[in-house]
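To start, the structure itself, in structure tokens.
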Amino acid sequence: MNFKKELATVLFELLGQEISLTELELMIEKPKIASRGDLAFPCFTLAKLKRKSPNLIALELGEKIQSPTFEKIEVVGAYLNIFLNKKEVSEKIVGEIIKKKALFGSQELEGGGNVTIDMSSPNIAKPFSMGHLRSTVIGNALAFIVEKCGYEPIKINHLGDWGTQFGKLITAYKLWGDAEKVKQNPIKELLALYIKFHEVAEMDPSLEDQGRSWFKKLEDGDEEALQLWQWFRDESLKEFSRIYDLMNVQFDSYAGEAFYNDKMDRVVKLLEEKQLLIESDQAQVVELTDEQLPPCLIKKSDGATLYATRDLAAALYRKENYKFAKSLYVVGHEQSLHFKQLIAVLKKMGYAWAEKMVHVPFGMMLKDGKKMSTRKGKVVLLEEVLTESIAMARHNIEEKNPNLANKDGVAKQVGVGAVIFHDLKNNRMNDIEFSLEEMLRFEGETGPYVQYTFARACSILRKGNWQTDVPPAAYLSGWEKEWKVTSLLMEFPNAIKRACENLDPSQVAKYVVDLAQAFNKYYAEVKVLEENVERSARLALVYSVTVVLKEGLRLLGIEAPEEM
RNA sequence: GUCUCAGUAGCUCAGUAGGAUAGAGCAACAGUUUCCUAAACUGUAGGUCGGAGGUUCGAAUCCUCUCUGGGACGCCA
């Protein structure tokens, strides 16, 4: 149902095929104000081409346009305002949704294929902070969105389970660690050790050297180092999976940095063969001056690898193993340079597919206007936030709907939904100032608001004994009051397409709020269940709204309880 | 210093590949429940779109310069 195209075709013929169809389609816009119709065509560009006044052109075109889908054409100055046939269009869209159900809005973009998504990627032995929430939640939503658009998503949790930090941690553990304490409360204890390391290292820089040497031992396969590492890793994963369960996030792979340990020699050899590796200050680098980028560090002066090396190995592995059509990296904006370098090095190596790698950056979670730092112990724990949000939801249920069944289950859906939605509703590049108060807000443009709208719509369907397979007895005569809602329903596929093309889940989040608002206004003024001929048609509309709201929320990784 | 992201209502943000009178939510104020869940709805108030030039019939949107803030810039990831 593409009315822009339809209008463009009509204009194309009327204008004697002077201007291409696609150009015309681009010129057509959606008026901001509803009273100006559903589509608008400004005639300024035509005026220039035809050397005629735009108002005159508008008048002439306005008289000639004839089509059953366009109910009314108004000429206002240089604008042609087109009104769609509300009844016809509404019946069509509602009919389509009833037929397709959750498949409504599914589409095929660019032929599909595998899309690897590098996401979440928390660091082992560190708490799962609010900072990791963003990557997790954005990546998860993108996976659903990309899938809706005909791709096969592969979610990879590229765990930070390797690197100098483990050298530091082992050093700290050997100096001050207590096995019992670690067993009892692993992440908290390991974090404390990590923080202490940095405090002491400020006075005694030799500690840094010890850290580096322990990491070298780890890389060389030292037994003691490996054992400690494995232990830290196991304990951390246990804690992480508790959080992923809470948020209902699953992964296709947990291949983290350590996984590429034995795959890096090959990368270094390839770089050597292609004569890209240059020694600089005893380290090995790839020069990227042609690309106007700083050199990419491949090996440290002590021979140990760096994250760039591992990311190169990972890129090769993913291409060979998953044959991706696209490879997304949902990683904070502060690493933009790193990904530019990574892609540039791969291109230098002659891999054209490096073009298909996309860094999906996002803004930072700030505390008091500043970056949160693990080292200084200034982190907010995601699990605590989720727990509080769920408790808040539970409290609200007790107050507003004490007879609800499965209160705990619903509280979880609502509490978690609030946190996820809060993260996804804005453009991902914006920094977010952490505010528990903001996150626990359940009114206005929030996840719970959308969920609540869905729940109420479901409630109406229950009371109206709505049966999906029974077509409406009669349709509405006008569809005037429901027009805002139906025209929004029509927009759903577009919102998904925009989200997929721009890799921006907020497009779906904003859409879902718009639809919820329109629907809330609608049923505040129209009695859906009123007994008359048009009742079943109204119920069909309500049903369509529930389908789209639920599917929209699903694409964001948020559940939709039928009662709350 | 170089690169990069951001600057729109008191606060948080929209603004769909330049269009007609710049929109929401929160907060404030005033209302709505014998009526499908008041986590809702209605109304009032709130703006020099950081600033200055430029391109255009038309700029919050594009270009240049500038101010402010965040981030990144070789042995951390």
Residues [X], [Y]: salt bridge by 4.0 Å N-O rule:
{"X": "A/E438", "Y": "A/R441", "answer": "yes"}
{"X": "A/E531", "Y": "A/R535", "answer": "yes"}
{"X": "A/D302", "Y": "A/R212", "answer": "no"}
{"X": "A/K72", "Y": "A/E74", "answer": "yes"}
{"X": "A/E398", "Y": "A/K407", "answer": "yes"}

Within the 4.0 Å heavy-atom criterion, would you say [X] contacts the bases, only the backbone, or no part of the nucleic acid?
{"X": "A/L306", "result": "sugar-phosphate"}
{"X": "A/N81", "result": "base"}
{"X": "A/M364", "result": "sugar-phosphate"}
{"X": "A/N494", "result": "nothing"}
{"X": "A/N396", "result": "base"}
{"X": "A/K32", "result": "sugar-phosphate"}
{"X": "A/A40", "result": "base"}
{"X": "A/A457", "result": "nothing"}
{"X": "A/R462", "result": "nothing"}
{"X": "A/V526", "result": "base"}
{"X": "A/L337", "result": "sugar-phosphate"}
{"X": "A/E257", "result": "sugar-phosphate"}
{"X": "A/E29", "result": "base"}
{"X": "A/I298", "result": "nothing"}

Any side-chain N or O of [X] under 4.0 Å from OP1/OP2 of [N]?
{"X": "A/R36", "N": "B/U21", "value": "no"}
{"X": "A/K400", "N": "B/U37", "value": "no"}
{"X": "A/K510", "N": "B/A24", "value": "no"}
{"X": "A/S336", "N": "B/A72", "value": "no"}
{"X": "A/K48", "N": "B/C57", "value": "yes"}
{"X": "A/N427", "N": "B/A6", "value": "no"}
{"X": "A/K497", "N": "B/U16", "value": "no"}

If we ignore angles and hydrogens, is there a donor and acceptor under 3.5 Å between the side chains of A/T453 and A/N520?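 Result is yes, a qualifying pair exists.
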Within this structure, what is the [atom1]-to-[atom2] distance between [X] and [N], rounded to whole angstrom?
{"X": "A/L515", "N": "B/A14", "atom1": "CG", "atom2": "C1'", "value": "17 Å"}
{"X": "A/I57", "N": "B/C57", "atom1": "CD1", "atom2": "C1'", "value": "12 Å"}
{"X": "A/E530", "N": "B/C36", "atom1": "CD", "atom2": "P", "value": "13 Å"}
{"X": "A/N401", "N": "B/C36", "atom1": "CG", "atom2": "P", "value": "14 Å"}
{"X": "A/H333", "N": "B/A6", "atom1": "NE2", "atom2": "C1'", "value": "10 Å"}
{"X": "A/L207", "N": "B/C76", "atom1": "CG", "atom2": "C1'", "value": "15 Å"}
{"X": "A/L159", "N": "B/A77", "atom1": "CG", "atom2": "C1'", "value": "13 Å"}
{"X": "A/F421", "N": "B/A39", "atom1": "CZ", "atom2": "C1'", "value": "14 Å"}

State the pairing partner of [N]; accept Watson-Crick or G-U wobble contacts with both distances under 3.5 Å, and report none otherwise.
{"N": "B/C41", "result": "B/G31"}
{"N": "B/A72", "result": "B/U2"}
{"N": "B/G53", "result": "B/C63"}
{"N": "B/A22", "result": "none"}
{"N": "B/A9", "result": "none"}

Quick one: pull up [atom1] in [X] and [atom2] in [Y] and give me the separation to the nearest 0.5 Å.
{"X": "A/L539", "Y": "A/T546", "atom1": "CG", "atom2": "OG1", "answer": "10.5 Å"}
{"X": "A/Y449", "Y": "A/F454", "atom1": "OH", "atom2": "CZ", "answer": "15.5 Å"}
{"X": "A/Y522", "Y": "A/L541", "atom1": "OH", "atom2": "CG", "answer": "5.5 Å"}

Give me the distance, rounded to whole Å, that separates [N] from [M] when you measure between the [atom1] atoms they each carry.
{"N": "B/A45", "M": "B/A24", "atom1": "P", "result": "13 Å"}
{"N": "B/U8", "M": "B/C62", "atom1": "P", "result": "16 Å"}
{"N": "B/A60", "M": "B/C49", "atom1": "P", "result": "7 Å"}
{"N": "B/U56", "M": "B/G31", "atom1": "C1'", "result": "47 Å"}
{"N": "B/U48", "M": "B/C3", "atom1": "C1'", "result": "32 Å"}
{"N": "B/U21", "M": "B/G58", "atom1": "P", "result": "14 Å"}
{"N": "B/A52", "M": "B/A9", "atom1": "P", "result": "16 Å"}
{"N": "B/G23", "M": "B/U61", "atom1": "C1'", "result": "15 Å"}

A/F41 vs A/A455, nearer the 5' end of RNA chain B by closest nucleotide: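 Its nucleotide being nearer the 5' end, the pick is A/F41.
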Closest to the [X] side chain: [options]?
{"X": "A/V528", "options": "B/C36, B/C73, B/C76", "value": "B/C36"}
{"X": "A/P31", "options": "B/C76, B/G74, B/A20", "value": "B/A20"}
{"X": "A/R498", "options": "B/C57, B/U16, B/G74", "value": "B/U16"}
{"X": "A/E445", "options": "B/C75, B/A39, B/A24", "value": "B/A24"}
{"X": "A/N123", "options": "B/C26, B/A39, B/A77", "value": "B/A77"}

When you compare the protein's N or O atoms with those of nucleotides 40-45 of chain B, which come within less than 3.5 Å of each other, and at what distance?
from  : atom 1 : to     : atom 2 : distance (Å)
B/A40 : OP1    : A/G444 : N      : 3.1
B/A40 : O3'    : A/N520 : ND2    : 3.4
B/C41 : OP1    : A/Y449 : OH     : 2.8

base_contact_polar (B/G74 base, A/S280 side chain, donor-acceptor, <3.5 Å):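 Flag set: donor-acceptor pair detected.
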Answer yes or no: does atom CD of A/E279 have more than 12 heavy-atom neighbours from other residues, nucleotides or ligands under 6.0 Å?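 It does: A/E279 CD has more than 12 such atoms within range.
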Face-on cation placement of A/K126 at A/F128 ring, 6.0 Å and 45° thresholds: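 Relative to the ring axis of A/F128, which defines the angle, A/K126 lies outside at least one limit.
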Any idea how A/F339 and A/H359 line up, ring-wise: parallel (<30°), tilted (30 to 60°), or perpendicular (>60°)?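 Ring orientation, 0 to 90° scale: parallel.
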